[in-house]
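These notes concern the structure reproduced below.
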Amino acid sequence: MPFDLQRAQQDTPATANLIHFNNAGSSLMPQPVLEATIAHLQLEAQIGGYEAADRAHNAIEHTYDAAATLIGCQRDEIAIIENATRAWDMAFYSIPFKPGDRILTSIAEYASNYIAYLQIAQKTGASVEAIPNDPYGQLSIDALRKSIDERVKLIAITHVPTNGGLVNPVAEVGKVAREANILYLVDACQSVGQMPIDVNKIGCDFLSATGRKYLRGPRGTGFLYVRSSVIEQLEPPFLDLHAAHWIESDRYEIRSDARRFENWETNYAGKIGLGVAIDYALEWGLETTWRRIKNLAYLLRTRLSTLPGVIVHDRGITQCGIVTFTVEDKRPEEIQQQLAQQNINVTISERSSTLLDMDERKLTTLVRASVHYFNSEEEIEQFCTVLSRLI
Ligand SMILES: *Cc1c(COP(=O)(O)O)cnc(C)c1O
């Protein structure tokens, strides 16, 4: 069955006059997501915020079921959190590190995660080490196996980095983590919504995701998965009256489900919109949209590499919807601005967002064009035509 591009574009009206290749930054919300989010804000204005939350109770709770279905877990293993970074933080900062503990991570690691490793290393005397890549540019499973010893407290890696098409072998990493019984945290910010994700196949204890990127949800939404068997072993770095119950003047009890990682006040309209976005993604089918994303990205890379002076930089065996390139004698910022004048959205990836990887490849700034299933082959042709005029 051919992909129903017409329907995807009808649900995304901006595609009529915008080429949006910034889906790894913030994608375009489909109409049902936009409508559900706005409707809840209107209800809040009409009847009051608490009253609106009561009335929308089922829709709000549904978001947990939707997220659980999306990644193959139970609803009580999901915490809805305002973004992927804070979701990831709530997991990471719950782990009690002590001097000598080792954290193993990836070269492609996201800046916010690495800054957290450095902070914890300075505070606790734990150490952080990035596992080298294999010749394809993905995390080397051999090198990981050789690094395992009884001091490794955590394996924490980025599935898909912010700065390229790489897809790290998270399930192979998971096998190593399970064999050695080591906590395993996956930053799946760019992969959730882009490709099928199953936490049991990955074998992770934690997985963090955001709403606004490939899931096409509202901004300021995200979620955290925590495996049920580790929830009660971990004390969140912050507790409030939602995460815990105050029982007596000197005693509290922490919730037993993953909501111990949440906090009380939240953007309910966003939470509802996130649930609708996940339902919408599931309706298309992640296998179907993932295949299309890979095909579009392949087409874009192939067309780009024929343009004079253009170098495509993506690495890895499987390559996803994030396409990065440089153009000889042109600053990436300049390209971004000139494309923007033609109603084409791309963004740039800076060294400081994925410093280990950029330094290893001697790169400073890349143009990032990230495609989604609602983009079209025609848009890719138009993109390359405009770009070739610029260079
Ligand atoms: C965008 C991104 C994040 C941060 O997500 P937020 O929702 O902005 O907190 C984390 N990791 C990776 C790999 C990202 O691309």
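Atoms within each ligand, like the ligands themselves, are counted from 1 in listed order.
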For [X], the ligand 1 atoms whose distance to one of its heavy atoms is below 4.0 Å:
X	value
Thr85	4 (C), 5 (O), 6 (P), 9 (O)
Val160	13 (C)
Thr158	13 (C)
Gln190	15 (O)

Salt bridge check, Asp101 against Arg151: does any charged N sit closer than 4.0 Å to a carboxylate O?
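Salt bridge between Arg151 and Asp101, a charged N being under 4.0 Å from a carboxylate O: no.
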
Are Glu235 and Arg260 ion-paired here, with the side-chain N under 4.0 Å from a carboxylate O?
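No.
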
With a distance cut-off below 6.0 Å to the six-membered ring centre and an angular limit of 45° from the axis, does Arg259 pair with Tyr64 as a cation-pi contact?
yes

Cation-pi check, Arg7 to Trp284: give yes when NZ or CZ is under 6.0 Å from the six-membered ring centre and within 45° of the ring axis, no otherwise.
yes

Checking a contact table here: which protein heavy atom is nearest [atom], and how many Å away?
atom	value
atom 7 (O) of ligand 1	Thr210 OG1, 2.6 Å
atom 5 (O) of ligand 1	Cys189 SG, 3.3 Å
atom 11 (N) of ligand 1	Asp187 OD2, 2.6 Å

Path from Ile278 to Val199 over hydrophobic side-chain contacts below 4.5 Å
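Result: yes, single cluster for both.
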
Any side-chain heavy atom of Asn22 within less than 4.5 Å of one from Val346?
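The answer is no, as the side chains (C-beta and beyond) never meet within the 4.5 Å cut-off.
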
Do we see a donor-acceptor contact under 3.5 Å between the side chains of Arg75 and Thr69?
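Judged by distance alone, the side chains do not pair up.
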
Answer yes if the ring centres of Phe97 and Phe92 are under 6.0 angstrom apart, and no otherwise.
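Between Phe92 and Phe97, which both carry aromatic rings, the centre distance is below 6.0 Å.
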
With backbone taken as N, CA, C and O and side chain as the heavy atoms from C-beta onward, which portion of Arg212 lies under 4.0 Å from ligand 1: side chain, backbone, both, or neither?
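Under 4.0 Å from ligand 1, Arg212 contributes side-chain atoms alone.
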
Could you tell me whether Asn113 approaches ligand 1 through its side chain, its backbone, both or neither, with non-hydrogen atoms closer than 4.0 Å?
neither

Using heavy-atom distances only, which candidate in Tyr214, Trp88, Tyr110 approaches atom 10 (C) of ligand 1 most closely?
Tyr110

Taking distance alone, with N or O pairs closer than 3.5 Å, would you say Lys213 contacts ligand 1?
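Looking only at distances, the answer is yes, because the N/O contact criterion of under 3.5 Å is met.
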
